[in-house]
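Below is one structure, written out as structure tokens, with a few remarks after it.
Worth knowing before you read on, the calculation uses all heavy atoms, side chains too, and leaves out hydrogens, waters and symmetry mates.
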Amino acid sequence: IGAQIGRDVDQTDRACIAHALELAENNKSVKWSGRDAGVTYLLTPVRGYKRNGVACRDFNLTTNADRRSDTRNGSACRSSEGAWEIVT
């Protein structure tokens, strides 16, 4: 599922995901509009944890477009450069 999230969002939306993972508290949602008209995203970090000493967070990402809603679960971990990368 996480790989599909990575394929389905553009670079701008990936930056929004990373920003939300950096700043939002667990169970506090962050909403933004995508570059495509009529597309909105709602990201909710669920929990933070360490994986092999690396900071990671699980999250839910809801995409709304064309009167349809799709929610996916994913995980992201910090890279060695400090950026959030979707891993599952």
Is there a side-chain contact between [X] and [Y], using heavy atoms and a 4.5 Å cut-off?
{"X": "Leu43", "Y": "Leu21", "value": "yes"}
{"X": "Val46", "Y": "Asn60", "value": "yes"}
{"X": "Lys31", "Y": "Thr40", "value": "yes"}
{"X": "Phe59", "Y": "Val30", "value": "no"}

Which pair of non-hydrogen atoms, one from [X] and one from [Y], has the smallest distance, and what is that distance?
{"X": "Ala20", "Y": "Pro45", "result": "O-CG, 4.2 Å"}
{"X": "Lys28", "Y": "Ala24", "result": "O-CB, 3.7 Å"}
{"X": "Thr44", "Y": "Ser29", "result": "OG1-OG, 2.6 Å"}

Residues, nucleotides or ligands: over 12 heavy atoms within 6.0 Å of Asp66 CG: no
Disulfide bond (SG atoms under 2.5 Å apart) contacts touching residues 57-88 (sequence neighbours left out): Cys56-Cys77
When you check the side-chain N and O atoms of [X] and [Y], is any donor under 3.5 Å from an acceptor?
{"X": "Tyr49", "Y": "Arg51", "answer": "yes"}
{"X": "Tyr41", "Y": "Asn64", "answer": "no"}
{"X": "Arg57", "Y": "Asn26", "answer": "yes"}
{"X": "Ser75", "Y": "Asp58", "answer": "yes"}

Sole residue of Val39, Ile17, Leu42 in side-chain contact (heavy atoms from CB on, under 4.5 Å) with Trp32: Ile17
Qualifying residues under side chain to side chain contact (heavy atoms under 4.5 Å, CB included), relative to Glu22, sequence neighbours excluded: Arg78, Trp84
Lys/Arg N to Asp/Glu carboxylate O, Arg68 vs Asp70, below 4.0 Å: no
